[in-house]
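Notes follow once the structure below has been shown.
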There are 2 protein chains.
Amino acid sequence: METNDAIAALTALGHAKRLAIFRLLVVAGPSGRMAGDIGDELGMPGATLSFHLKELVHAGLITAEPQGRFVCYRAAFEAMNGLIAYLTHNCCAGSPQAECAPVAAACSPGDACC
Amino acid sequence: METNDAIAALTALGHAKRLAIFRLLVVAGPSGRMAGDIGDELGMPGATLSFHLKELVHAGLITAEPQGRFVCYRAAFEAMNGLIAYLTHNCCAGSPQAECAPVAAACSPGDACC
DNA sequence: TCTATTATTCTAGTTTTATGGAAACGAATG
DNA sequence: CATTCGTTTCCATAAAACTAGAATAATAGA
């Protein structure tokens, strides 16, 4: 994941309503949730919801799939994994350290994480 | 990690300069970096650097330790692990799914991640 | 075709955040 | 005690983001 992608993803998630939407979709898993369904659950006006969904899609954190009149939104798990890998990449300059040991579990196999 | 803490951390990281600072400190590891050192490396005016450092400290992502005239900043690895755990918590409602399998590696031991 | 339903875009007003020069602060040095 | 150096705070300006009502598509069913 490129730096700009990571910034876009973090900016998108750094907002109460968008984080709530994203978490809802992460818990929902691959089956996703319909737009109206999300709005009902989070009590958000349609325009506001649509605005935030668009932000999340644009950041690559979720995907939208129209199904007739409905739109199904799903978490983009790959993007999430990429973001986590970006944050932890090369931590402690690649040298094992007690302080960052738990981070290692989050590193991608190929990373030089400690 | 509470939702509000996660939002604060994500908001703080969702900015090019702050993400650069944080990544610098993650790579630096437990020894950290001096404020002026960071400013030199990232080419940032003192006032701007101080503003962003304060944001990161307030979000709990880094710590500041005065050492005489200098201030040493360090990444808060626990906060980083907490944030990752928050994002991945209970993904796919706890049921193993191919789509989120890589996420599992990032989950804390006690989590019901897939 | 007409209507109800679902979702998005338009738009404007409000709020929040970022920037960096100048001044102030605190600690070490002479 | 005065000076220097590193850092922070103050402040005004500029820029960006949030919200939601109203209008606009797009689809399904009668």
Side-chain angles (χ1 to χ4, degrees), chain A residues 3-25 28 31-76, chain B residues 3-25 28 31-76:
Chain A
T3 295
N4 285 345
D5 298 329
I7 294 167
L10 290 164
T11 300
L13 291 176
H15 184 277
K17 291 180 180 175
R18 284 195 296 267
L19 183 57
I21 294 169
F22 181 72
R23 284 288 305 145
L24 195 67
L25 294 178
S31 52
R33 301 284 289 267
M34 297 304 171
D37 197 12
I38 299 171
D40 290 344
E41 183 137 347
L42 300 180
M44 232 178 275
T48 303
L49 175 68
S50 197
F51 170 80
H52 290 304
L53 285 170
K54 199 171 84 174
E55 294 282 306
L56 287 166
V57 169
H58 190 256
L61 285 165
I62 67 175
T63 61
E65 185 198 353
Q67 295 180 354
R69 275 185 303 187
F70 301 83
V71 180
C72 182
Y73 286 92
R74 296 186 180 87
Chain B
T3 296
N4 285 344
D5 298 329
I7 294 167
L10 290 163
T11 301
L13 291 176
H15 183 278
K17 292 181 178 175
R18 285 196 294 268
L19 184 57
I21 294 169
F22 182 73
R23 285 288 306 144
L24 196 66
L25 294 177
S31 53
R33 300 285 289 266
M34 298 302 172
D37 196 12
I38 299 170
D40 290 345
E41 183 137 347
L42 300 180
M44 233 179 273
T48 303
L49 174 68
S50 196
F51 170 79
H52 290 304
L53 285 171
K54 198 170 85 172
E55 295 281 307
L56 287 166
V57 169
H58 190 256
L61 286 165
I62 67 175
T63 60
E65 184 197 355
Q67 295 180 353
R69 274 187 305 189
F70 302 84
V71 179
C72 182
Y73 285 92
R74 296 186 180 88

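Chain naming here is simple, since letters A, B, ... match the order of the sequence lines and numbering starts at 1 in each. Remember, predicted model here, so these are calculated numbers, not experimental data.
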- Any side-chain heavy-atom pair from B:Phe22 and B:His52 closer than 4.5 angstrom? no
- Query: Would you say B:Ile38 and B:Leu49 make side-chain contact, with heavy atoms under 4.5 Å?
  - Reply: yes
- Query: Which comes earlier along DNA chain D counting from the 5' end, the contact point of A:Met44 or that of B:Thr48, where each point is its nearest nucleotide?
  - Reply: B:Thr48
- How do A:Phe51 and A:Gln67 order along DNA chain D: which one's closest nucleotide is nearer the 5' end? A:Phe51
Using every non-hydrogen atom in the two residues, find where [X] and [Y] come nearest and quote the distance to one decimal.
X	Y	value
A:Ala28	A:Arg33	CB-CG, 3.8 Å
A:Ala59	A:Ala8	CB-O, 3.6 Å
B:Leu10	A:Gly14	CB-CA, 3.7 Å
A:Glu41	A:Leu24	OE2-CD1, 3.5 Å

- Query: With sugar-phosphate meaning primed atoms plus P, OP1 and OP2, does B:Gly46 contact a base, only sugar-phosphate, or nothing at under 4.0 Å between heavy atoms?
  - Reply: base
- Query: Just by protein heavy atoms under 4.0 Å, how would nucleotides 1-7 of chain C read 5' to 3' in B, S and -?
  - Reply: ---BBSS
- DNA chain D: 5'-most and 3'-most nucleotides touching chain B, 4.0 angstrom heavy-atom criterion: D:dT4 to D:dT9
Using whole Å, report how far [atom1] of [X] lies from [atom2] of [N].
X	N	atom1	atom2	answer
A:Ile62	C:dT8	CD1	C1'	14 Å
A:Ile38	C:dT8	CD1	C1'	14 Å
B:Ile7	C:dT16	CD1	P	15 Å

- Item | Distance (rounded to the nearest 0.5 Å) between B:Ile7 CD1 and A:Leu19 CG | 5.5 Å
- Query: A:Tyr73 and A:Val57: side chain to side chain contact (heavy atoms under 4.5 Å, CB included), yes or no, with the steps?
  - Reply: CA-CA 9 Å; A:Tyr73 286 92; A:Val57 169; 3.9 Å; yes
